[in-house]
Amino acid sequence: MEGQKFWQVKDVRVASVRQGKRFAERWCAARLYPGVPLREAVARLTDNTPIEPAALLPGLPPTREQLQQAQRLDEAAAAASARVMAALQPIRPPAETKPRLTDPAKARLREAKVGSKRR
């Protein structure tokens, strides 16, 4: 078993972000793949091709209970995602309403305006 400290931190001054990324890739690759040449280790670490899922193992077909459980899980996941999507919708501001006048002097003014419009 490898006795390296994987929580070890390395502080290095670099001239640019690009140089820092290259250094970090090499340092991590050397620590994660100790028996592999550095170029191959960096290639493994930075390889971002999608991983193909393994083929299903041969076996018995799923039982009716397993199919029902899978269906219930799908329905629950759909309901949960609908709730999340609804929660992520932007909040609509309330409809604008005119502020009510509570000051008695303003109420008299309003009555005076309404009275003058009726004439």
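Values below: every heavy atom of this structure, side chains too, minus hydrogens, waters and symmetry copies.
Looking at residues two or more places apart in sequence or on another chain, you find a side-chain hydrogen bond (donor to acceptor under 3.5 Å, both in side chains) between Arg44 and Glu40. Here Asp74 pairs with nothing under the side-chain hydrogen bond (donor to acceptor under 3.5 Å, both in side chains) rule; sequence neighbours left out.
Here the straight-line distance linking atom CG of Leu32 with atom CH2 of Trp27 works out to 9.5 Å at 0.5 Å rounding. For the atom pair OG1 of Thr46 and CZ of Arg26, the computed distance is 11.0 Å after rounding to the nearest 0.5 Å. Considering CD of Glu75 and CZ of Arg72, their distance stands at 9.0 Å, rounded to 0.5 Å.
With a 4.5 Å cut-off on side-chain heavy atoms, Gln71 and Leu67 do not count as touching.
Residues Leu45 and Cys28 share a closest heavy-atom pair of CD2-CB, 3.9 Å.
Under a hydrophobic-cluster definition in which Ile, Leu, Val, Met, Phe, Trp and Tyr are linked whenever side-chain heavy atoms come within less than 4.5 Å, directly or via other members, Val42 and Val36 are assigned to different clusters.
In this structure, the side chain of Glu25 does not engage the main chain of Arg22 through any donor-acceptor pair within 3.5 Å. Remark: side-chain polar atoms of Gln19 are paired, donor with acceptor, to backbone N or O of Ala15 under 3.5 angstrom.
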